[in-house]
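The structure appears right after this line, and notes come after that.
Lettering follows sequence order; numbering is per chain, from 1. Owing to the predicted nature of the structure, the values given are computational and were not obtained by experimental measurement.
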There are 2 protein chains.
Amino acid sequence: MNDIETLERSRTMVIDAIAQNIDLYGLTPSAGRLYGLLFYSNKPLTLDEMKEELGMSKTSMSVSVRSLLDLNMVEKVWVKGERKDLYSIKEDWYECFFDFFTIKWRIAITMNNSAMEKSIAKLQQLIDDPQTSDKIREQALIDIKKLEERLEYYDWQNRLIDSFETKEILNFIPIEKKKD
Amino acid sequence: MNDIETLERSRTMVIDAIAQNIDLYGLTPSAGRLYGLLFYSNKPLTLDEMKEELGMSKTSMSVSVRSLLDLNMVEKVWVKGERKDLYSIKEDWYECFFDFFTIKWRIAITMNNSAMEKSIAKLQQLIDDPQTSDKIREQALIDIKKLEERLEYYDWQNRLIDSFETKEILNFIPIEKKKD
DNA sequence: TAATACGTACAGAAATAACCGTACGCATTA
DNA sequence: TAATGCGTACGGTTATTTCTGTACGTATTA
């Protein structure tokens, strides 16, 4: 095995691992391989270069890049005199990790929160309605209690994500260099 | 609309929201609906009851329950005199949230970590090999630097998850009751 | 203004996953 | 030991997602 082949093989091994685990971020393995390619690339790449490198269609590259852009894992860079769009990886891993929660988790929590608050309001109406049977009123009270516990939990999650967004979490779990 | 219908509708709204967002945990919407059903259920349910309630096959229930068990979102409970397996939701949301990272994220981090450490070892061999060209040696050094930065990041992630696993994170982001 | 080239919507094809019904291994009961 | 009934592995089917090639809107250049 020659030296360049060894280097390539070393990279492929890492890229495969990244591609396999990137589903934690809700991304496809293809997007993961693209991310790995950008991880190793020493310069920003165009869609055509990605297409060439990964042997996939330009459309797929366009889609994958956008999904990575949506999560702030990749950024569009502007280079003087270059007509094509260029993309490179976001170097700040921590920022990227925090953004993921700020983007994806926050939305999910907000949706659940909203549904539960609406639900509580409806149940309260039901309880206040004199026509409601005792049986149902009792169950509505139980449901409200459950939902309110859950809302407390979402509030906690939001506060955790706040600490990500403001990076205050780094006061608690600091970025410390391993070898000092 | 009668009272029982209103109650049901209130529940469905919440269950739909949960089912829609549970993909953050790598689960299918079906598993999410099952989770919602268990959320509202006041007693542990058997596979047959779930099947009946959701109008799905018993096989699907079996698979969904297991995926929820794997994430510690649901637990098997034993009831005297009952031959069937009974399942109920894990009430401790925080524990469940922490377990998710301890289970899923830890594995992913470990895999990536391992691939990168192996990769670094190979690259180091390549650098030490006198037959390696200068060009490749230079690139190998660049790659090693990138990988080591990444390993530092994974170390940070591991420390964050440690604080989840030990619940020390609650010292930083406390569970405080909203209305006091 | 005309020409060129870029990135993406769109629709069909390929791959993947979700689901169901059957059948089986295993445990509990009689 | 025989009989009953549980949960799950397996294979086929359906549904969903992923990918590709074409075609188009838009922006830049001449």
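- Between the NZ atom of B:Lys76 and the P atom of C:dA27 there is a distance of 12 Å, given to the nearest Å.
- A salt bridge is defined here as a Lys NZ or Arg NE, NH1 or NH2 lying under 4.0 Å from an Asp or Glu carboxylate O, and A:Glu52 with A:Lys58 fails to meet this definition.
- Regarding B:Leu34, its CG atom lies at a distance of 11 Å from the P atom of C:dC19, rounded to whole Å.
- At a threshold of 4.0 Å, the pair A:Arg159-A:Asp162 does not count as salt-bridged, since none of the basic side-chain nitrogens sits closer than that to a carboxylate oxygen.
- Spacing between atom CG of A:Leu69 and atom P of C:dT8 amounts to 9 Å, rounded to whole angstrom units.
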Dump the pairs, protein N or O against N or O of nucleotides 12-14 of chain C, anything under 3.5 Å, distances to one decimal.
none

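- At a threshold of 4.5 Å between non-hydrogen side-chain atoms, the residues B:Tyr25 and B:Leu71 count as touching.
- One can place NZ of A:Lys80 at 17 Å from C1' of D:dT28, the figure rounded to the nearest angstrom.
- End-to-end axis angle for the helix from C:dT1-D:dA30 to C:dA30-D:dT1, using five pairs per end and rounding to 10°, comes out at 30°.
- In summary, the side chains of B:Asn42 and A:Lys146 do present a donor paired with an acceptor at a separation below 3.5 Å, with no hydrogens or angles considered.
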Inset, instruction - Show your reasoning for whether salt bridge (charged side-chain N to carboxylate O under 4.0 Å, His left out) applies to B:Arg106 and B:Glu165. - result: CA-CA 11 Å; B:Arg106 192 80 89 179; B:Glu165 199 165 5; 2.7 Å; yes

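- Its side chain within the 4.5 Å cluster rule, B:Ile107 clusters with B:Met111 among the Ile, Leu, Val, Met, Phe, Trp and Tyr residues.
- Of the N and O atoms on the side chains of B:Asn112 and B:Tyr154, at least one donor lies less than 3.5 Å from an acceptor on the other residue.
- The interatomic distance linking A:Lys84 (NZ) with D:dT29 (P) rounds to 15 Å, in whole Å.
- Taking only side-chain atoms of B:Arg66, from C-beta outward, the nucleotide of D:dA9, C:dC6, D:dG7 with the closest atom is D:dA9.
- Listed by chain and residue number, A:Thr59, A:Ser60 satisfy the side chain to side chain contact (heavy atoms under 4.5 Å, CB included) test with A:Ser57 (two or more places apart in sequence, or in another chain).
- Salt bridge status for B:Asp70 with B:Arg66: absent, with no side-chain N to carboxylate O gap under 4.0 Å.
- The distance between atom CG of A:Asp23 and atom P of C:dA17, rounded to the nearest whole Å, is 10 Å.
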Using atom types as modelled, flag every donor-acceptor pair under 3.5 Å from a side chain in residues 90-102 of chain A to any protein atom, sequence neighbours excluded.
{"residue": "A:Asp92", "atom": "OD1", "partner": "A:Tyr94", "partner atom": "N", "Å": "3.2"}
{"residue": "A:Asp92", "atom": "OD1", "partner": "A:Glu95", "partner atom": "N", "Å": "3.0"}
{"residue": "A:Glu95", "atom": "OE1", "partner": "A:Lys167", "partner atom": "NZ", "Å": "2.5"}
{"residue": "A:Asp99", "atom": "OD2", "partner": "A:Asn72", "partner atom": "ND2", "Å": "3.0"}
{"residue": "A:Thr102", "atom": "OG1", "partner": "A:Phe98", "partner atom": "O", "Å": "2.9"}

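- Remark: the B:Asp16 side chain and the B:Gln20 side chain contain no N/O donor-acceptor pair separated by less than 3.5 Å.
- Counting to the nearest Å, the C1' atom of C:dC20 and the CG atom of B:Leu54 are 15 Å from each other.
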Close N or O pairs between protein and nucleotides 17-24 of chain D (under 3.5 Å):
{"residue": "D:dC19", "atom": "OP1", "partner": "A:Ser30", "partner atom": "OG", "Å": "2.1"}
{"residue": "D:dT20", "atom": "OP2", "partner": "A:Ser57", "partner atom": "N", "Å": "3.0"}
{"residue": "D:dT20", "atom": "OP2", "partner": "A:Ser57", "partner atom": "OG", "Å": "2.9"}
{"residue": "D:dT20", "atom": "OP2", "partner": "A:Ser60", "partner atom": "OG", "Å": "2.6"}
{"residue": "D:dG21", "atom": "O6", "partner": "A:Thr59", "partner atom": "OG1", "Å": "3.0"}

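- For the pair B:Leu47 CG and C:dC20 P, the computed distance is 13 Å after rounding to whole Å.
- Residue A:Asp48 is classed as having no contact, given no heavy-atom separation below 4.0 Å to the nucleic acid.
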